[in-house]
Trainee: 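Quick one: the structure is below, and I'll ask about it shortly.
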Amino acid sequence: MDFMSTVNGSLLEGFYPEGWDMARIDACCEKGAAREDFWHPDFNPVACADIHDFDTYMGHEIAMQVRLTREEGRKLAIILPVGPMGMYRWAAYFLNQWKVNCDHVTTFNMDEWSDGEGNTLENTNPASFEYSMKDAFFSKLEQTVPENQRNFATKTNLPTYPGKITALKEEGAKLVLVYGIGRMCHIAFWEPHFAVEYASEEEWKKAPYRLGAKLHPLTIEQNAITSFKSRTTLVPCRANTIGPGLFLQADYAIGGADGALGRGMGWQGMSFLTTLHYGPDMHITSTFIPTLPGKLFYLNELAGPLVAECN
């Protein structure tokens, strides 16, 4: 049986987004982290031996952007994820050690769980991204980001992101994107299946955000595994999210791929390698990441070989 024909045929018809070339994705899985011609000259994947190195290196990179912009007398607008998360305690550690005041920083959380109308969880709910950010990062900074300079992706505040970011950039602020790569190769919760709603790639690139965005089933399962201890019933099926109209404006991007589960198991290898090698395509959101300057930290095992193995 030709497996790839089966994937592209009736067995999974409608499950994977339109525009996905499964044979091309499969070929990406054989390439490791070798450099491609379409990458930005200043885009660099950085291998990490284990999760401890990963968290430390990524946290240091975030802290350095805060420190450098402070030393330059420049404002920093930084888009932040909730996942990966381990880097935040290290970012706070370095900033505290260096005694950096973060009052020049404005943060924009990239997404938040929601219902279909964009209504979000209460910020006192431990599952909310706002709660998670305060607990993991803001509360650990000795000279923290002022509360009125922290932005969260609520129904009323997310639509203000484009104007706020534009105003900051006009003042000379550096825009830094921090991101993880989803199982479906999303950045934030900008899912690949959204692409069919846009007449062209240029139109897709201008889309700034969505309220109550419908998540892909594999995104829901990814979060069930990573954030809800496998309890799919607790995972919202919708989220508010920034779009390419915001994250593709980044002057610098700091990414993380830490999706290894131990004992040879993992969920992020194919997503990571597709991001590196597929080439920019609006049907696979993360494929634009290598066109931005920055660093993408990854666990060694995600680079492959990605081979069948019973565990």
Side-chain angles (χ1 to χ4, degrees), residues 33 43-70 76-100 102 105-112 126 128-145 150-153 174-183 186-189 222-223 225-227 242 247 250-262 266-268 271-272 275 286 289 292-303:
F43 171 76
N44 294 291
V46 179
C48 302
D50 55 41
I51 191 62
H52 307 294
D53 285 355
F54 174 91
D55 288 344
T56 308
Y57 296 169
M58 195 169 175
H60 183 267
E61 191 70 15
I62 294 169
M64 281 299 298
Q65 290 301 312
V66 177
R67 178 179 176 175
L68 288 172
T69 49
R70 183 77 189 184
L76 173 64
I78 186 166
I79 298 170
L80 298 173
V82 175
M85 287 294 283
M87 73 279 192
Y88 286 125
R89 71 185 184 96
W90 283 106
Y93 172 82
F94 288 117
L95 290 169
N96 291 339
Q97 288 294 303
W98 300 332
K99 301 188 185 306
V100 176
C102 298
V105 177
T106 301
T107 63
F108 296 87
N109 259 74
M110 58 172 48
D111 46 25
E112 180 60 273
S128 78
F129 294 167
E130 181 172 348
Y131 181 99
S132 299
M133 286 302 304
K134 290 175 180 176
D135 181 62
F137 189 43
F138 297 128
S139 66
K140 291 181 169 56
L141 289 167
E142 292 171 1
Q143 300 184 78
T144 193
V145 178
R150 306 173 192 173
N151 289 278
F152 299 99
K174 184 175 187 178
L175 178 61
V176 171
L177 167 69
V178 184
Y179 66 92
I181 300 168
R183 171 66 176 160
H186 64 223
I187 299 298
F189 276 131
Q222 172 204 321
N223 281 276
I225 292 167
T226 59
S227 301
I242 64 167
F247 61 73
D251 300 305
Y252 192 77
I254 303 167
D258 64 344
L261 301 174
W267 61 267
Q268 206 175 20
S271 308
F272 169 65
T275 297
S286 65
I289 284 297
L292 299 173
K295 295 177 182 176
L296 172 51
F297 298 90
Y298 68 94
L299 296 181
N300 278 327
E301 62 192 274
L302 298 181

Trainee: Looking at CZ of Phe247 and CD1 of Ile79, how far apart are the two atoms once the value is rounded to the nearest 0.5 Å?
Mentor: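 Answer rounded to 0.5 Å: 9.0 Å.
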
Trainee: Strictly distance-based, threshold 3.5 Å: is any side-chain N or O of Gln222 a donor or acceptor partner for the main-chain N or O of Gly182?
Mentor: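 No; judged by distance alone, with no hydrogens or angles, the pair does not exist.
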
Trainee: Let me confirm one number: the CG-NZ distance from Asn109 to Lys134, rounded to the nearest 0.5 Å.
Mentor: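 So the gap between those two atoms works out to 10.5 Å.
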
Trainee: Answer yes or no: is there a donor N or O on one side and an acceptor on the other, between the side chain of Glu130 and the main chain of Phe152, under 3.5 Å?
Mentor: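 Side chain of Glu130 to backbone of Phe152: no pair is present.
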
Trainee: If you round to the nearest 0.5 Å, how far is CD1 of Ile78 from CZ of Phe108?
Mentor: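 Going from the CZ atom of Phe108 to the CD1 atom of Ile78 covers 11.0 Å.
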
Trainee: Check whether any side-chain heavy atom of Thr56 lies under 4.5 Å from a side-chain heavy atom of Asp53, and answer yes or no.
Mentor: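 Thr56 does not reach Asp53 side chain to side chain.
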
Trainee: Restricting to side chain to side chain contact (heavy atoms under 4.5 Å, CB included), what partner residues turn up for Ala136, sequence neighbours left out?
Mentor: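 Once residues adjacent in sequence are excluded, the partners of Ala136 under the side chain to side chain contact (heavy atoms under 4.5 Å, CB included) criterion are Met85, Tyr88.
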
Trainee: Donor-acceptor pair, Lys295 side chain versus Pro45 backbone, under 3.5 Å?
Mentor: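 Checking the backbone N and O of Pro45 against the side chain of Lys295, no donor-acceptor pair under 3.5 Å is found.
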
Trainee: Checking Gln143 now: which residues fulfil side chain to side chain donor-acceptor pair (under 3.5 Å) with it, not counting sequence neighbours?
Mentor: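 With sequence neighbours excluded, Gln143 shows a side chain to side chain donor-acceptor pair (under 3.5 Å) to Asn101, given in chain and number order.
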
Trainee: For the pair Ser286 (side chain) and Ile187 (backbone), establish whether a donor and an acceptor sit closer than 3.5 Å, ignoring hydrogens and angles.
Mentor: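 No; judged by distance alone, with no hydrogens or angles, the pair does not exist.
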
Trainee: Give a yes/no verdict on a cation-pi contact between Arg67 and Phe94, requiring under 6.0 Å between NZ or CZ and the six-membered ring centre and an angle within 45° of the axis.
Mentor: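 No, cation not above the ring by the 6.0 Å, 45° rule.
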
Trainee: Mind checking the OG-CE spacing from Ser128 to Met133? Nearest 0.5 Å is all I need.
Mentor: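 Here the rounded value is 11.0 Å.
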
Trainee: With rounding to the nearest 0.5 Å, note down the distance linking CG in Asp258 to CD1 in Ile51.
Mentor: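 Output value for this atom pair is 4.5 Å.
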
Trainee: Assess whether atom OH of Tyr57 is packed by more than 12 heavy atoms of other residues, nucleotides or ligands within 6.0 Å.
Mentor: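 It does not: Tyr57 OH has 12 such atoms or fewer within range.
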
Trainee: Using a 4.5 Å cut-off on heavy atoms from C-beta on, say whether the side chain of Val178 contacts that of Glu61.
Mentor: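 When only atoms from C-beta onward are counted, Val178 and Glu61 do not touch, as no gap falls below 4.5 Å.
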
Trainee: Any donor-acceptor pair under 3.5 Å linking the side chain of Asn96 with the backbone of Leu141?
Mentor: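 Side chain of Asn96 to backbone of Leu141, a donor-acceptor pair under 3.5 Å: no, none is there.
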
Trainee: Against His60, only a single residue in Trp90, Trp98, Phe54, Tyr93 fulfils ring-ring contact (aromatic ring centres under 6.0 Å, His included); can you say which?
Mentor: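 Answer after filtering Trp90, Trp98, Phe54, Tyr93: Trp98.
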
Trainee: Got a second to check how far Leu296's CG is from Thr275's OG1, nearest 0.5 Å?
Mentor: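 One gets 7.5 Å once the value is rounded to the nearest 0.5 Å.
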
